[in-house]
Amino acid sequence: MPWDCLLLEAGWLALLLPAPAPLLNASGALTTPLAAALSDGEAVHPAAAFLVRWLLFRLMIGFGKLKFRGTSASDALYVRDFMILQPMPSRLGWLAHVHLPTVAFRLLLKGMFVTEMVAPWLLLLPLPSDAPCRLAAALFVMLMAGIMAHGSFGHFNMLTTALALPLLAPDASPSLLWSPRGAWALDTLHGLACSLALLLLVPLGLLHLPFTSGLSRGFAAFPQIDQWVSPRKKKLMALVRALQPYRICHSYGVFPPHTAPGLKIVPVVEGSSDGGKTWRRYAYRHMLSSSGSPPRWCAPHQPRLDYRMFYEGIGSTPDNMMAGTLALHEPYALSRAGLCDRLMQRLLEESEGDGDGGGPVTRLFRTDPFRGEAPPSLMRMVLIALEPTPEGPTYWREHAWALHRPPTGADASVWRHYCDEPEVLHWDCLFFRRACARHLGAAAD
């Protein structure tokens, strides 16, 4: 998830920031007023301050470049449809999709363009005044508030807001060119670390900037790199592959902006205890599961299974061959036993081991239709489409589309097929296959 990438990258940058003054004493009372504690702390190193701006710049430009590159007039209502198409729409998003006039969505899209494609450049202007930077930060905070209101994206909005809020304070982050020479403190370990981080993360960020979040950890493993003639470029990509496990830099950008029907496509799990005559549905804890599912808001909580089912419904999960390029950083994702197969097997195993169906995987769902009854012997997954209904007793009109996974019983071979031998890894995982060959050879020696 891009917000996981943002959290990891911001965590590395936090190591370069000074420790804040304690707000509470041993008895839990405020030691100093909150405003004074936030403004009177130790000065931030200019390189660390710039790297925070650099992260916000790449984040916003990353989302904007995918959203507005190659768009046309037919995509002007992208925001209206995204209110429903997004992974976890809220009730406010549902209401906006149903009731707001089209002109409002056109204006929102223009506002997003200014915030994501124009405002980030204000962070990098070499000006003595911090007013442009404060304006950009204010726009980022307002955008994050709007996104958080109409959908749940984990901790993404709160973390982005936390990165932008300090830039609203006067003189909080002076430009690199206007920082006094003594502020660099190159004779200290902290000053040297901040300067080296600047020299590493700026070019590394430029290298990641053209790619989307899905390619953040995969582009350096493209098999085409092996055909490059230049040894310098090969060594550069080898360095990027060596740094990627530490997650110090990422690409950003998801959700292309093309207008599409306002439908939620969801794969739902169903079980049967009578040999497939009748099927009962497991309801997700947060994701929509039926026509009676209300839109739920759960941020900053990140329901991993529910989010994964969103990508499963649109066919862009790592274990989908169409998305093989996205999974080059995780070669075992293209195994013969995908997540849906493993999920159904685990539900069957837990129902056999516990008559009440109270296992950890079963508890990921809001309801267990077989609790206290005969356990299921078969599992299947069905693809449904949910259409918003402005008038009616429910939020959605359900359409059954297709069988997503055929009925299956308990099958222990799923776990044997989950992690294949290195020799049968996907053929595009060229560098991983070579690494496995070297390790296997070393083990044999």
Side-chain angles (χ1 to χ4, degrees), residues 1-11 14 52 55-56 58-60 62-64 66-67 78-100 105 108-109 111-112 115-116 137-168 212-214 216 247 250 252-255 257 262 264-266 283-289 293-314 316-317 363-367 386 388 395-396:
M1 296 292 181
W3 32 95
D4 294 329
C5 299
L6 180 64
L7 179 63
L8 291 167
E9 194 168 342
V52 173
L55 175 57
L56 281 170
R58 292 188 294 110
L59 178 69
M60 291 298 170
F63 280 91
L66 183 63
K67 194 177 283 96
Y78 157 74
V79 177
R80 181 196 65 184
D81 300 324
F82 187 73
M83 294 290 182
I84 298 299
L85 292 171
Q86 63 180 310
M88 307 284 290
S90 69
R91 297 196 185 193
L92 185 59
W94 185 93
L95 289 171
H97 173 86
V98 171
H99 297 293
L100 279 185
F105 296 110
L108 286 172
L109 189 62
M112 291 178 66
T115 304
E116 295 183 350
L139 291 175
F140 297 160
V141 172
M142 289 189 290
L143 176 63
M144 292 301 107
I147 294 175
M148 196 171 184
H150 73 69
S152 297
F153 293 91
H155 52 261
F156 169 69
N157 308 114
M158 297 181 67
L159 179 55
T160 306
T161 301
L163 291 171
L165 278 178
L167 302 181
L168 293 174
T212 64
S213 296
S216 182
R247 310 298 295 274
H250 301 84
Y252 296 100
V254 291
F255 307 128
K264 283 295 296 180
I265 304 172
V266 185
Y284 296 113
R285 189 166 293 276
H286 300 284
M287 175 63 74
L288 305 171
S289 307
S293 300
R296 293 185 174 91
W297 189 80
C298 61
H301 174 56
Q302 174 70 56
R304 300 286 173 175
L305 176 64
D306 301 55
Y307 261 86
R308 181 61 179 265
M309 289 301 109
F310 163 77
Y311 290 101
E312 183 74 29
I314 61 177
S316 63
T317 53
R363 289 196 295 271
L364 294 176
F365 292 86
R366 181 172 294 272
T367 61
L386 299 175
Y395 285 93
W396 315 95

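By convention here, the first residue in the shown sequence is residue 1.
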Q.
Let me confirm one number: the CD1-CE distance from Ile265 to Met309, rounded to the nearest 0.5 Å.
A. 14.5 Å
Q. After noting the C-alpha distance and the side-chain angles of Phe156 and Phe63, does the key distance pass the ring pair (Phe, Tyr, Trp, His ring centres under 6.0 Å) rule?
A. CA-CA 13 Å; Phe156 169 69; Phe63 280 91; 5.5 Å; yes
Q: Run the ring-centre check on His286 versus His301 and record whether the distance is less than 6.0 Å.
A: yes
(Q) Asp4 vs His155, test: side chain to side chain contact (heavy atoms under 4.5 Å, CB included). Steps then yes/no. (A) CA-CA 8 Å; Asp4 294 329; His155 52 261; 3.6 Å; yes
Q) Does a side-chain N-to-carboxylate-O contact under 4.0 Å join Arg366 and Asp306? A) no
Q.
So which atom in Val266 and which in Leu288 form the shortest heavy-atom distance, rounded to 0.1 Å?
A. CG1-O, 3.3 Å
Residues 88-98, side-chain donor-acceptor partners within the protein, below 3.5 Å, at least two apart:
{"unit_1": "Ser90", "atom_1": "OG", "unit_2": "Leu92", "atom_2": "N", "d": "3.4"}
{"unit_1": "Ser90", "atom_1": "OG", "unit_2": "Gly93", "atom_2": "N", "d": "3.2"}
{"unit_1": "Ser90", "atom_1": "OG", "unit_2": "Ala149", "atom_2": "O", "d": "2.8"}
{"unit_1": "Ser90", "atom_1": "OG", "unit_2": "His150", "atom_2": "O", "d": "3.1"}
{"unit_1": "Arg91", "atom_1": "NE", "unit_2": "Pro295", "atom_2": "O", "d": "3.4"}
{"unit_1": "Arg91", "atom_1": "NH1", "unit_2": "Tyr395", "atom_2": "OH", "d": "3.3"}
{"unit_1": "Trp94", "atom_1": "NE1", "unit_2": "Tyr395", "atom_2": "O", "d": "3.3"}
{"unit_1": "His97", "atom_1": "ND1", "unit_2": "Arg80", "atom_2": "O", "d": "2.7"}

Q.
Give me the atom names and distance for the closest heavy-atom approach of Ala164 to Val141.
A. CB-CG2, 4.0 Å
Q | Residues in side chain to side chain contact (heavy atoms under 4.5 Å, CB included) contact with Ser289, at least two apart in sequence or another chain | A | Ala283, Tyr284, Ser293
Q.
Any heavy-atom pair between the side chains of Trp3 and Leu159 that's under 4.5 Å?
A. no
(Q) Quick check: do Leu56 and Leu167 have side-chain heavy atoms less than 4.5 Å from each other? (A) yes
Q: Ignoring hydrogens and angles, tell me if any N or O in the side chain of Lys67 forms a donor-acceptor pair with the backbone of Glu116 under 3.5 Å.
A: no
Q | Approximate separation, where rounding is to 0.5 Å, of Met287 CE and Leu305 CG | A | 9.0 Å
